[in-house]
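Before any comments, here is the structure.
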Amino acid sequence: MKVDGRHIRSIWLEPDGHTVSAIDQRRLPHQFVVAQLTGCADAADAIRSMLVRGAPLIGATAAYGVALAMRADSSDAALDRAYSMLIATRPTAINLKWALEEMRSMLRPLSSPDRAAAAYSRAAEIAEDDVAINRGIGQHGLALIEKIAATKKPGERVNVLTHCNAGWLATVDWGTATAPIYLAHDRGQAIHVWVDETRPRNQGASLTAWELGHHGVAHTVIPDNTGGHLMQHRMVDLVIVGTDRVTASGDVCNKIGTYLKALAAHDNGVPFYVALPSPTIDFSVDDGIAEIPIEQRAAEEVATMTGRTADGRIETVRIVPDNSPVANYGFDVTPARLVTGLITERGVLKADRAALSAAFPERIAAAAE
Ligand SMILES: CSC[C@H]1O[C@H](OP(=O)(O)O)[C@H](O)[C@@H]1O
């Protein structure tokens, strides 16, 4: 999307044909820094440290990580080492495993000298497919926004609440939850976004707000606990969030706090939509609460805050007593019964097995293999 009028993506291949560049999302919103990934270990570190984050972008980064590995050593052992290194970076987003399986199954049968070029080509395809898929999600989600807009007075804004960052920074471009928002904005639809700050990493405050601001989309950053109040006062027309893994039965795993928004939406009759590309569907699991691994991250992410001081320095301060234990669960699972619909590249689907299987029969077949 646009940054200071310039079109940019979250990750790209440099003209040298092998260096992979990515926006360092840990530095936003106060510093725009681009990191160069020149080896598989760089890609693994980038995912683990959340230099890059967001399910589809994690998948694309991992795919390029395999390509970087094959450039250095295209043996079977190196392919297995790259898979093992990358799969261990983060456990929840299924796009990571999906991308790595795609790369390994494509590369394994090839002769060693052919693997590096094939890996870069497939990684680029995964990135380009993500962009096209998200544009499709945008089109299907736009129809939902326009339907709500038709019930409003001329010029009255459609108010969307979103949690965490499922924006273009979480993907290669467009985003998932934000794709319908960007399309609506670009078509002149009056729209406003309530942006959950999303503790503890503040992806909403530091990433979603930054993206929307650069694209000129009206938005308001709110503490995570505000959404229910806004919904009670009819200030939210719909909720659109992203996801890191959707089960075959439509359960949705997403950033911690999503489940609470779904409960508030359900209680107030506010439509709760989840935007996702099909690689985020895990047809091998059914019960999200029982089966999806929930990442637990370092205590420091909760115990400290990083920001810009009045004189422009970036500082980190502790906000929790030194001896207080901290729990840092990264995700939660929203049961399908609380999900109004799944916005996919093939349409808006009911959150159930029948709808997902009918829309993506090829994925059912693959999961059964
Ligand atoms: C479009 S997927 C975005 C998804 O990923 C985020 O998690 P993280 O920032 O920890 O990678 C969050 O769950 C978003 O909804």
Side-chain angles (χ1 to χ4, degrees), residues 1 9-11 22-26 28 46-62 89-96 98-99 127 130-131 133-138 141 160-182 193 195-208 210-211 224 239-246 252-262 272-282 288 292-298 301-302 328-334 339 342-345:
M1 297 310 277
R9 288 180 172 180
S10 59
I11 191 170
I23 297 171
D24 185 342
Q25 300 189 26
R26 301 169 302 178
L28 291 173
I47 296 169
R48 189 183 304 110
S49 69
M50 294 178 72
L51 184 157
V52 297
R53 29 66 51 202
L57 178 56
I58 288 170
T61 305
T89 53
R90 294 186 73 187
T92 304
I94 192 61
N95 309 61
L96 175 59
W98 173 84
D130 182 60
V131 176
I133 285 171
N134 296 336
R135 198 183 288 114
I137 290 169
V160 184
L161 184 143
T162 193
H163 189 71
C164 198
N165 173 254
W168 68 264
L169 286 169
T171 67
V172 177
D173 206 344
W174 284 100
T176 56
T178 59
I181 295 167
Y182 287 131
V193 184
V195 176
D196 275 357
E197 61 178 344
T198 317
R199 287 275 296 143
R201 293 284 304 221
N202 300 314
Q203 289 94 324
S206 59
L207 303 178
T208 304
W210 182 82
E211 282 191 30
D224 291 327
V239 177
I240 309 180
V241 299
T243 175
D244 299 82
R245 191 184 308 212
V246 173
V252 169
C253 183
N254 196 46
K255 185 55 52 195
I256 193 80
T258 303
Y259 169 49
L260 298 179
K261 291 295 145 31
F272 183 89
Y273 286 97
V274 179
L276 69 137
S278 53
T280 307
I281 305 169
D282 183 354
I292 297 177
I294 300 298
E295 179 182 20
Q296 293 192 57
R297 292 186 63 89
E301 293 184 352
V302 177
N328 184 8
Y329 295 94
F331 301 90
D332 60 25
V333 175
T334 299
V339 178
L342 301 173
I343 309 172
T344 75
E345 67 269 29

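As the structure lists them, so they are numbered: ligands from 1, and atoms in each ligand from 1. Note that these values count all heavy atoms, side chains included, but never hydrogens, waters or copies made by symmetry. Small disclaimer: the values here were computed from a predicted structure and weren't measured.
Of all non-hydrogen atoms in Leu276 and Ile281, the two that sit nearest each other are CD1-CG1, 3.5 Å. When every heavy atom of Thr176 is checked against every heavy atom of Pro277, the shortest pair comes out as CG2-CD, 3.7 Å.
For the residue pair Thr208 / Asn165, a side-chain donor-acceptor distance below 3.5 Å is found, with atom types taken as modelled. A side-chain donor-acceptor contact under 3.5 Å links Thr280 and Asn95.
The protein non-hydrogen atom at the shortest distance from atom 15 (O) of ligand 1 is Asn254 OD1, 2.5 Å. Shortest contact from atom 13 (O) of ligand 1 to any protein heavy atom: Asp244 OD1, 2.6 Å. Here the heavy atom of the protein found nearest to atom 12 (C) of ligand 1 is Cys164 SG, 3.4 Å. Looking only at heavy atoms of the protein, atom 3 (C) of ligand 1 is closest to Asn165 O, 3.4 Å.
Counting heavy atoms under 4.0 Å from ligand 1, residue Pro56 touches it through the side chain alone. Residue Thr258 does not touch ligand 1, judged by heavy-atom distances below 4.0 Å. With a 4.0 Å heavy-atom cut-off, ligand 1 is reached by the side chain of Gln203 but not by its N, CA, C or O. Within the 4.0 Å heavy-atom criterion, neither part of Glu295 lies near ligand 1.
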Stepwise side chain to side chain contact (heavy atoms under 4.5 Å, CB included) check, Asp173 with Met1: CA-CA 6 Å; Asp173 206 344; Met1 297 310 277; 3.4 Å; yes
Residues Ile292, Asp244; criterion side chain to side chain contact (heavy atoms under 4.5 Å, CB included); working and verdict: CA-CA 10 Å; Ile292 297 177; Asp244 299 82; over 6 Å; no
Stepwise side chain to side chain contact (heavy atoms under 4.5 Å, CB included) check, Ile294 with Cys253: CA-CA 9 Å; Ile294 300 298; Cys253 183; 3.9 Å; yes
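No side-chain heavy atom of Val241 sits less than 4.5 Å from a side-chain heavy atom of Lys261.
At under 3.5 Å, not a single nitrogen or oxygen of Ile58, backbone or side chain, sits near a nitrogen or oxygen of ligand 1. For a threshold of 3.5 Å applied to N or O pairs, the pair formed by Thr176 and ligand 1 contains no separation below that value.
Residue contact annotation: Thr243 has a non-hydrogen atom under 4.0 Å from ligand 1.
Proximity to Arg90 (heavy-atom distance under 4.0 Å) selects the following atoms of ligand 1: 8 (P), 10 (O), 11 (O). The contact set between ligand 1 and Ala55, taken as ligand atoms under 4.0 Å from a residue heavy atom, comprises 2 (S), 5 (O). In the vicinity of Met50, heavy-atom distances shorter than 4.0 Å reach the ligand 1 atoms 9 (O), 10 (O). Within ligand 1, the atoms closer than 4.0 Å to a non-hydrogen atom of Arg53 are 6 (C), 9 (O), 11 (O), numbered from 1 in the order shown.
Ionic pairing of Asp224 and Arg199 is not present here: no N-O contact between side-chain nitrogen and carboxylate oxygen is shorter than 4.0 angstrom.
Applying the salt bridge (charged side-chain N to carboxylate O under 4.0 Å, His left out) rule to pairs touching residues 48-62 yields Asp45-Arg48, sequence neighbours excluded.
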